[in-house]
Structure formats: structure tokens, C-alpha cells
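Single-structure report; data block below.
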Amino acid sequence: MTTNPPAGSGSTLITVAPTGAEADKSRHPALPVTLDELVDTARECEAAGASVIHVHIRDDEARPTLDLARLKNTVQALREATTLIVQLSTGGAVTDSFADRLAVLDAGPDGCSLTCGTVNFGDEVFMNPWPFIRDLYARTQQLGVVPEFELFDLGHVATLHRLLDELGAPYGGHVHCDLVMGVPGGMPGDAASLVGAVEALPAGATWSATGIGRTALPVMFAALSAGGHLRVGMEDTTSYARGRPVTGNAGLVERAAALAGLAQRPPMRPGQARVFLGVGDQH
Ligand code: KMH
Ligand code: ZN
């Protein structure tokens, strides 16, 4: 008897998360915080091998914001400048309200992040109670936005099963997850935790992984060896190695693309990624 390899296993989906809500522009000058900086970064990262961009935006003072008009402009500008799949964060910053996080979908992105549970987040708490998760998921189904399930802990995998059991398949029909590992308060960024989480995923689901801070490299190697996909970017790590600050998101994408190539699974291009993730053609 033969078994089919997992979908997309011949190539590697690379997502770039260039900004996030936590890193400080004054400490990290390469962090893209204006629309022009974000668009330039997106172009460079697409050329380097990314096919999805996970977007957080900042206001004029470089503080995180979920301002809807800004989000709409951002989606439009990224679509005009690149063929990347535009995935807006619905996680925002730990201080954002549930109402503002739900309203992100009104900016009309291709996809969105959808975190499957509450997690301690350093000294803060990233709140994702079940009613919010359920309402957000139902809205993605109504509005035709492809969710990516963000899993910071093993309990989040259990909630993903509950979500699919109670509300059915996501828009686009395919379940793709992102293991966010090494957050202080979430699952550790190591190979054993990665394998445990992957084994618990729903049948047929595909997954990416990202390691926060110094777990970036161990998680990347573990993900490639276990057949997964990659997320990289300054949202998750601001140094390449001890004493070597990141000088641009494209450098992180280049490193991921090179490792994916060594693993004989070269970067997936955006057109392939749209088919893989069940995201319609927006161009
Ligand atoms: N900034 C974190 C509190 C997401 O984008 O969906 C949440 C986060 C997850 O970054
Ligand atoms: Zn994010």
C-alpha cells in the first residue's frame, strides 16, 4: 500500500511576518512601520522567496494600530506592488479590543491569522476566549477570508478540533496552521514539542512553524525535517545570531529559502501558494 505525501511537500511555503506589534522601531531601525517601508519590504521578500505576508501595521508614531482605513490602504498597496498573499493579523497587540480585531476582516484581505486560544505572552496575556474564536471563525466563513490557525500551545490544537467539529471547514476548504513556538508562556521552541503538536493536528492539515527569538533556528530546522513550512520575520526575531541584529526582513527570508533549498524543498511561489492554501486569485 502507498500513501500520498502531504500536499505541498515538494516545496516550502515561506511566510514573512515583517513587523508585528511588539518590536520597537527606535531599537530596531530595519523594522518596517510606514506603508512605504512595508511595501518595499514586501517586494524584497517576494523576490527572496516569500509567498505570504503576515501584516501588522503601525500609526504615525510607529505604535501598533488596527485602524480600518489604514488596513484597507495597506491591503490595496501590497496587492498593487506584489503578488504576495496578504494575511492580516487579527491578533493585533495584547491591548486591542475584540471588536477591533473582528473588524480587521472588513479590510478585505486574502487571509487572516486566527489564534486558537489564550496564552501567557511574557508579562502580558494574549486573550482568545472560545466565543471570540468562534465568532471570528464564523466571520471568515461569511466574508470569504482564508484563516491560518495560530497555535501557541498544545491546548490550542484541541480548540482547533472543536472549531472544525462545530463550525465545519474553513473558507477555501483547506486547514493550514502555524505553530508559534518559544513565546514565554507558550510551548517551547524545540523539536520534541514541534513533533508532539504536529501529531495532534487534524488529518489533512498542513502547517508552518516559527520560533520566537533564539528558537528561530532550531524550529526552522525541525520544521524542514518534519515536512513543514516556514514563517520568518522581524515580528518573531530581531537577530540572526548572537550579536548580529537583523538588517532587513529579506535577509531572514533569504536564509529560510536557502535552507529550504538545501532540504530539497525550494520556496513555493505565490501562485502555487494560492492553490495550496485555497486562496482565490485576487489579481
Ligand atoms: N501580537 C500578538 C499579541 C497574530 O498576529 O495573530 C499576537 C499576534 C498573533 O501577533
Ligand atoms: Zn502577528
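Every number for a ligand or one of its atoms is a count from 1 in the order of the listing. Numbering starts at 1 and runs along the sequence shown.
Every atom of ligand 1 is numbered from 1 in the order shown, and the set under 4.0 Å from a heavy atom of Ser89 is 4 (C), 5 (O), 6 (O). Distances below 4.0 Å separate heavy atoms of Ser113 from the following atoms of ligand 1: 4 (C), 5 (O), 6 (O). Taking a cut-off of under 4.0 Å to the non-hydrogen atoms of Phe121, the atoms of ligand 1 that pass are 2 (C), 3 (C). Close approach of ligand 1 to Glu22 is summarised as follows: ligand atoms under 4.0 Å from at least one heavy atom of the residue are 1 (N), 2 (C), 3 (C). Shown in contact with Phe126 at under 4.0 Å from a heavy atom are these atoms of ligand 1, numbered in order with element: 3 (C), 7 (C), 9 (C).
For the pairing with Ser89, the side-chain hydrogen bond (donor to acceptor under 3.5 Å, both in side chains) check across Arg101, Glu235, His56 returns one residue only, His56.
In terms of polar-atom proximity, Phe152 is not counted as a contact of ligand 1, lacking any N or O under 3.5 Å from an N or O of the ligand. Between His56 and ligand 1, a contact under 3.5 Å exists for at least one N or O pair.
Across His156 and Leu151, no two heavy atoms sit closer than the pair O-CD2, 3.7 Å. Of all non-hydrogen atoms in Ala23 and Met234, the two that sit nearest each other are CB-O, 4.5 Å. The minimum heavy-atom distance linking Cys112 with Val145 is given by the pair N-CG1, 3.7 Å.
The protein non-hydrogen atom at the shortest distance from atom 10 (O) of ligand 1 is Glu235 OE2, 2.9 Å.
Salt-bridge formation is not detected for the pair Asp67/Arg58: no Lys NZ or Arg NE/NH1/NH2 atom is positioned less than 4.0 Å from an Asp or Glu carboxylate oxygen.
Residue-environment remark: CG (Asp123) stays at or below the threshold of 12 foreign heavy atoms within 6.0 Å. For Tyr240, the OH atom is densely surrounded, since the number of other residues' heavy atoms within 6.0 Å is greater than 12.
Taking a 4.0 Å cut-off on heavy atoms, Gly92 registers as neighbouring ligand 1.
Taking the six-membered ring for Trp and the full ring otherwise, the centers of Phe132 and Tyr137 sit at least 6.0 Å from each other.
Restricting Glu235 to its N/O/S atoms, the shortest distance to the Zn ion (ligand 2) is reached by OE2. For His56, the N, O or S atom closest to the Zn ion (ligand 2) goes by the atom name NE2.
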